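What follows is a single structure, written as structure tokens, with notes after it.
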Number of protein chains: 2
Amino acid sequence: MVKRTSFEGDGCPVARSLEAIGDWWTLLIIREAMLGLRRFGEFQSKLGMAKNILSARLRSMLDHGILAMVPASDGSAYQEYVLTPKGRGLFPILVALRQWSEEFDDTPEEIDTIMIDRAKGRPVKKLELHAEDGRLLSLADITLKPRSAPRRRSA
Amino acid sequence: MVKRTSFEGDGCPVARSLEAIGDWWTLLIIREAMLGLRRFGEFQSKLGMAKNILSARLRSMLDHGILAMVPASDGSAYQEYVLTPKGRGLFPILVALRQWSEEFDDTPEEIDTIMIDRAKGRPVKKLELHAEDGRLLSLADITLKPRSAPRRRSA
DNA sequence: CTTGTGTGGTTGCATCATAAAACCAATTGG
DNA sequence: CCAATTGGTTTTATGATGCAACCACACAAG
């Protein structure tokens, strides 16, 4: 089996997230959903992607509980795709991706939008990771610990 | 050409980041690099991936300036792969992926590690997005603005 | 009720990327 | 110098992607 090496059984939470949203198009669909798109045709025309791929990704996100179908909206009998709380929880990931590009992209002049605080119209600050006591943490300040090592048979 | 729809020309910074690190294995390689792995064989045996794919991903990351080759380290004539500042800048993305899994995974008991503050040995807080004035921002509090639209030089 | 149009998909290929294994060169070790 | 390890490349098979064509349903007009 070649199977594209599913990360389902992996205990690494990064791998587990990638299992759900690591596809090529998934995060872009979620980005558009966060900007308010809801209909199949809206995603398809905005992203310019093949309809079968869009269909497969939407179904995968439904299965993962990232999107939900709501039976109505503007009166028509069609359905719409809306983010669940789990889907909205992806927001920091999108922000992190955006800010990495803003900070390190080789041709930042090609970036066409900036994220601003709606209330003040000012750019947002960088995402920050803090300790429980409030200290700002970077890569060098953290480490990983086994969770609680329950009886984990290597079955 | 089918070409997998490269996002190179896209002005969306999320797409631009995904162009560099949206591959299946790239973020896992970076995760291991952040944990201290440096050698080809270390990545290959730790991740259990095919060597040709690892080779292609490492080269891609070198091209993108995420990794660099350093000619020595422990005295041997081999080379090692180390994160550049741009590569270390991916840290918030990894944290965001991890925290999303921790918060929303359907089977969180399978997650085998937690990220802790090295100094205190306590779990870290969630990533937070703040406005310039310090207010905590969520998805509903932000919007996107065109970067520098006014200059309408007719090409 | 029949035709027409737009939405929301599915189905077939052709092509590309990925995976596993075999192979190979250079390094190191004895 | 011979053998094993490291660090890959090549080969081949299969799964994923992309495009276009097709199809089902809703809705509106005649």
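Predicted model, so just to flag it, every value in this text is computed and none were measured. In what follows, every chain begins at residue 1, and chains take the letters A, B, ... in the order their sequences are listed.
- In terms of the salt bridge (Lys or Arg N to Asp or Glu O under 4.0 Å) criterion, A:Lys145 has no residue partners (sequence neighbours excluded).
- A salt bridge does not link B:Arg118 with A:Asp141: none of the charged nitrogens is closer than 4.0 Å to a carboxylate oxygen.
- The OH-P distance, from A:Tyr81 to C:dT7, rounds to 15 Å in whole Å.
- B:Glu42 is linked by a salt bridge (Lys or Arg N to Asp or Glu O under 4.0 Å) to nothing, counting only residues two or more places apart in sequence or in another chain.
- The side chain of A:Ser55 places an N or O atom within less than 4.0 Å of a non-bridging phosphate oxygen (OP1 or OP2) of C:dT10.
- In this entry the distance linking CD1 of A:Ile53 with C1' of C:dG12 reads 13 Å, nearest Å.
- Partners of B:Asp117 according to the side chain to side chain donor-acceptor pair (under 3.5 Å) rule, which considers only residues two or more places apart in sequence or in another chain, are A:Arg135.
- Between the side chains of B:Ser138 and A:Arg88, no donor-acceptor pair of N or O atoms lies under 3.5 Å.
- Listed by chain and residue number, nothing satisfies the salt bridge (Lys or Arg N to Asp or Glu O under 4.0 Å) test with A:Lys51 (two or more places apart in sequence, or in another chain).
- Rounded to an integer number of Å, the gap from CD of A:Glu42 to P of C:dG6 is 17 Å.
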Exercise. Sugar-phosphate atoms are those with a prime plus P, OP1 and OP2; base atoms are the rest. Using that split, label each nucleotide of nucleotides 21-30 of chain C B, S or - for protein heavy atoms under 4.0 Å, 5' to 3'.
Key: ------BS--

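- The nearest whole Å value for the distance from the CZ atom in B:Phe43 to the C1' atom in D:dG8 is 15 Å.
- Regarding B:Met49, its CE atom lies at a distance of 13 Å from the P atom of D:dG8, rounded to whole Å.
- Distance CG (A:Leu37) to P (C:dG8): 12 Å, rounded to an integer number of Å.
- Rounding to whole angstrom units, CH2 of residue B:Trp24 and P of D:dT17 are separated by 8 Å.
- Between A:Arg59 and C:dG9 there is no side-chain polar atom (N or O) within less than 4.0 angstrom of OP1 or OP2.
- When distances run from any side-chain atom of A:Arg39 to the nucleotides C:dG8, C:dT18, D:dG18, the shortest one goes to C:dG8.
- Under the rule for a salt bridge (Lys or Arg N to Asp or Glu O under 4.0 Å), the partners of B:Lys86 that lie at least two apart in sequence or sit in another chain are A:Asp106.
- Rounded to whole angstrom, the span from the CZ atom of A:Arg57 across to the C1' atom of C:dG9 amounts to 16 Å.
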